[in-house]
Peer 1: 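To start, I am sharing the structure in question, which I have written as structure tokens.
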Amino acid sequence: MNRSQVNAILKESDAFIRSFGHILPPFAYWSPERMRAPDAADIRARGLGWDITDYGQGRFEELGLFLFTTRNGTVEDLQRGRGMLYAEKIMITRTHQLSPMHRHTVKAEDIINRGGGDLVIELFGPDETGGIDRAAEVVVPCDGTLRRLPAGAHLRLTPGESVTLMPGLWHAFWAEKADCLVGEVSTVNDDRTDNIFEMPIGRFSEITEDEAPVHLLVSDYP
Ligand SMILES: [Fe+2]
């Protein structure tokens, strides 16, 4: 996708998030130069900040997701079993904009409808090799209650509702009725290594630099 499109999505996403009374942390508004400074090394290393992806396919409206990582622990803490073992993101999924079928090996995540339209999540369990089991029932915790669903069910979360997705569980999601503000509270998150997609696609966008970046994306840090 073009940098001009990324810049436009940054602006409209910030306005959408603010419309719910949710405000991003100060580093969201740092210039590219500020974000490249030595004292921002920890923010870059943890992968905090803007993350706009079309999964490398160039069709953001149909296949894409807006994310902003607000906090993220470290793999070292995770291996030690104590410390900052958690992460948090705020996301926007648009009506009928697909976040494609994927699973995580390490990360457990709560996906939360923070407001707007309905969030619809398609779910499959893993088979013995980690692939998609198209027959087995799926059992997921939803706000303190276990829900039993047939394979491939479309779990509909209205504003305020959430689901816990454990590692290995296959999921894809999109919004219906209106664009949706989505929260994610999870285990330490490494998006470079912990996303396994059903389709042969990437996790990040390929950017064509047709104008200067307003803010860097997480994928611009390396
Ligand atoms: Fe996920």
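It should be emphasised that the depicted structure is a prediction, and the values quoted were computed from it without experimental measurement. Heads up: numbering here begins at 1 and tracks the sequence. In each ligand, atom 1 is the first atom listed, and ligand 1 is the first ligand listed.
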Peer 1: Report the residues that fulfil side-chain contact (heavy atoms from CB on, under 4.5 Å) with L24, sequence neighbours left out, ordered by chain and then residue number.
Peer 2: D14, I17, A28, Y29, W50, F68, I90
Peer 1: Provide the protein N, O or S atoms situated under 2.8 Å from the Fe ion (ligand 1); waters are not included.
Peer 2: H102 NE2, H104 NE2, E109 OE2, H171 NE2
Peer 1: Step through the shown structure and confirm whether more than 12 heavy atoms of other residues, nucleotides or ligands are within 6.0 Å of CE on M101.
Peer 2: yes
Peer 1: Does atom OH of Y86 have more than 12 heavy-atom neighbours, drawn from other residues, nucleotides or ligands, at distances under 6.0 Å?
Peer 2: no
Peer 1: If a pair satisfies side-chain hydrogen bond (donor to acceptor under 3.5 Å, both in side chains) and one of its residues is in residues 129-140, list it, with sequence neighbours excluded.
Peer 2: D127-T129, R134-E198, E137-R148
Peer 1: Would you find more than 12 non-hydrogen atoms of other residues, nucleotides or ligands less than 6.0 Å from E176 atom CD?
Peer 2: yes
Peer 1: With sequence neighbours excluded, what pairs up with E76 under the salt bridge (charged side-chain N to carboxylate O under 4.0 Å, His left out) test?
Peer 2: none
